[in-house]
Amino acid sequence: MSNKTIVITGASTGIGRATALYFAEKGWNVAATMRTPEKEVELQNMKNIKVYPLDVTKQPSIDESYQSITTDFEKVDVLLNNAGYCLGGPFETSTDTQIRAEFDVNVFGLMNVTKSFLPHFRENQEGIIINVSSMGGKITFPMISTYHATKFCVEGFTEAVSYELAPFGIKVKLIEPGNIATDFGTRSMQISENWKDSAYSEAFSAYMQSVASADSSIYGQPKMVAEVIYTAAVDGSDQMRYVAGEDAKNLIDFKKQNGDDAFIQMMKNYRL
């Protein structure tokens, strides 16, 4: 049994929840954070899991959660930045407020939570920060351009900051899941406000229909991603990127082997 501790943001559903349960099964202490812990029942009753309120877009909330977690647990070994969502819709029809809100969660929230835990990791001269990116941080699709922008940011930030943190014994890693059977396309997706009366209405209607009718049975399961996250946490390697899901592996490999131009042409030829 391990007495190591992981902090997870966005632990109420999907990948975050599955990861909390998986690490607890492996004997880890889990600090599962979410915006509304009062609505959580199952995780509250798990022996190895403590639930904390945390809104990654509010620095006071981050500070309070950090203080509570580091008081309850002497040492944090892993920080998993998982909180995030997708803004779907044509870029032109998304409002400035919507785009900034998405960046506040997916990028600035991740950065601010990371910054809050860095002194703790530096003091211990070790620690692992794992950022949940996406295959959408390496490849792109139509109608979720701002989501891709946030995940490309996460990829670049993670790679660059890893150089700064390596001298302190801190590793920074990326998880790149493909399509996962979560509520990503429903509750976790917001829609641009002005698409219905736009020049893109037909194309976006077709996109949403394809999302709704997709065979989710072929998607990876959240537990599969949790297993990849666990590997990243315990393998002791300096590996940075971990791809999760066959679709992600196939598409990322296609772009790597055939080049940017071939991938872009394939997507241009794609019709919803």
Side-chain angles (χ1 to χ4, degrees), residues 1-34 37 40 42-54 56 62-84 109-133 154 158 161-162 164-177 221-244:
M1 295 289 286
S2 169
N3 61 356
K4 289 188 174 183
T5 299
I6 182 172
V7 176
I8 302 173
T9 67
S12 61
T13 61
I15 293 171
R17 185 185 192 84
T19 303
L21 293 169
Y22 191 79
F23 273 73
E25 290 172 2
K26 293 292 186 179
W28 284 56
N29 299 317
V30 178
T33 75
M34 59 194 70
E40 175 54 50
E42 181 186 12
L43 297 184
Q44 294 274 21
N45 295 319
M46 297 285 293
K47 180 181 178 181
N48 292 31
I49 300 176
K50 294 196 70 171
V51 178
Y52 300 85
L54 174 59
V56 301
I62 296 173
D63 294 340
E64 290 173 14
S65 183
Y66 171 81
Q67 290 299 328
S68 296
I69 291 169
T70 53
T71 297
D72 292 341
F73 301 102
E74 181 179 350
K75 182 171 178 282
V76 172
D77 299 279
V78 177
L79 168 64
L80 176 67
N81 285 307
N82 166 72
L110 177 150
M111 289 180 175
N112 289 335
V113 172
T114 298
K115 186 178 289 187
S116 294
F117 278 88
L118 284 182
H120 180 83
F121 289 142
R122 283 193 296 100
E123 181 179 349
N124 292 320
Q125 288 292 293
E126 64 177 345
I128 302 174
I129 300 164
I130 303 176
N131 295 329
V132 177
S133 177
V154 169
T158 301
V161 81
S162 71
E164 302 171 19
L165 300 181
F168 302 102
I170 303 169
K171 296 180 180 180
V172 194
K173 302 193 172 194
L174 284 158
I175 308 298
E176 298 168 340
Q221 294 300 313
K223 186 176 179 181
M224 177 271 293
V225 185
E227 292 170 351
V228 175
I229 292 169
Y230 184 78
T231 296
V234 303
D235 67 5
S237 77
D238 292 326
Q239 179 178 337
M240 178 172 291
R241 289 178 169 86
Y242 297 74
V243 180

Discussion item. A side-chain contact here means heavy atoms from C-beta on lying under 4.5 Å apart; do L79 and I130 qualify?
Written reply: no
Practice prompt. Report the C-alpha distance between I170 and I129 in whole Å, list the side-chain angles of each, state the deciding distance to 0.1 Å, and finish with yes or no for side-chain contact (heavy atoms from CB on, under 4.5 Å).
Written response: CA-CA 8 Å; I170 303 169; I129 300 164; 4.0 Å; yes
Fill in: All side-chain contact (heavy atoms from CB on, under 4.5 Å) counterparts of A31, not counting sequence neighbours
V7, Y52, I69, F73
Fill in: Exam field: side chain K171 to backbone S237, donor-acceptor pair closer than 3.5 Å
yes
Discussion item. So for atom CD, which belongs to E123, do other residues, nucleotides or ligands contribute more than 12 heavy atoms lying within a distance under 6.0 Å?
Written reply: no
Worksheet item: With distance as the sole criterion, is a donor-acceptor pair present between the side chains of N81 and N131 under 3.5 Å?
Response: yes
Fill in: Set of salt bridge (Lys or Arg N to Asp or Glu O under 4.0 Å) partners for D63, sequence neighbours left out
none
Worksheet item: Side-chain contact, heavy-atom cut-off 4.5 Å: T5 with V78?
Response: no
Practice prompt. Let me see the working for L43 and M34 under side-chain contact (heavy atoms from CB on, under 4.5 Å), right down to the final yes or no.
Written response: CA-CA 11 Å; L43 297 184; M34 59 194 70; 4.0 Å; yes
Worksheet item: Around Q125, counting heavy atoms of other residues, nucleotides and ligands shown, do more than 12 lie under 6.0 Å from its CD?
Response: yes
Worksheet item: Would a distance-only check, ignoring hydrogens and angles, find a side-chain to backbone donor-acceptor pair under 3.5 Å from H120 to K75?
Response: no
Item to complete: Evaluate the side-chain contact (heavy atoms from CB on, under 4.5 Å) criterion for residues K50 and V30: first the C-alpha distance (whole Å), next the side-chain angles of each, then the deciding distance (0.1 Å), finally the verdict.
Response: CA-CA 6 Å; K50 294 196 70 171; V30 178; over 6 Å; no
Practice prompt. Determine yes or no for a side-chain-to-main-chain donor-acceptor pair under 3.5 angstrom, with Q44 supplying the side chain and P37 the backbone.
Written response: yes
Worksheet entry | Main-chain N/O of G127 paired with D77 side-chain donor or acceptor, under 3.5 Å | no
Item to complete: Calculate, to the nearest 0.5 Å, the distance between atoms NZ and CG belonging to K26 and L21 respectively.
Response: 13.5 Å
Fill in: Distance (rounded to the nearest 0.5 Å) between N3 CG and E74 CD
9.5 Å
Item to complete: Could you pull out all residues at least two apart from F117 that satisfy ring pair (Phe, Tyr, Trp, His ring centres under 6.0 Å)?
Response: Y66
Worksheet item: Would you say the side-chain atoms of N82 pair up with the backbone N or O of I8, donor to acceptor, closer than 3.5 Å?
Response: no
Discussion item. Applying salt bridge (Lys or Arg N to Asp or Glu O under 4.0 Å), can you list everything that pairs with R241, at least two apart in sequence or on another chain?
Written reply: E155, E159, E176
Discussion item. Contact between L110 and V56 at the side-chain level, heavy atoms closer than 4.5 Å - yes or no?
Written reply: no
Item to complete: Check S133 against L174 and note the closest heavy-atom contact, atom names and distance.
Response: CB-CD2, 3.8 Å
Worksheet item: If you round to the nearest 0.5 Å, how far is CE of M240 from CD1 of I175?
Response: 11.5 Å
Discussion item. Measuring from atom NZ of K173 to atom CG of D238, what distance do you get when rounded to the nearest 0.5 angstrom?
Written reply: 7.0 Å
Discussion item. Considering only residues two or more places apart or on different chains, which pairs with a residue in residues 14-24 satisfy side chain to side chain donor-acceptor pair (under 3.5 Å)?
Written reply: R17-E40, R17-E42
Worksheet item: Side-chain contact, heavy-atom cut-off 4.5 Å: P177 with V132?
Response: yes
Practice prompt. Please step through side-chain contact (heavy atoms from CB on, under 4.5 Å) for the pair I62 and L54, ending with a clear verdict.
Written response: CA-CA 6 Å; I62 296 173; L54 174 59; 3.7 Å; yes
Worksheet, complete the sentence: For G14 and P222 the tightest heavy-atom approach is O-CB, 3.8 Å
Worksheet item: Does some side-chain heavy atom of I128 sit less than 4.5 Å from a side-chain heavy atom of V172?
Response: no
Practice prompt. Not counting sequence neighbours, which residues clear ring pair (Phe, Tyr, Trp, His ring centres under 6.0 Å) with F23? List them please.
Written response: W28, Y230
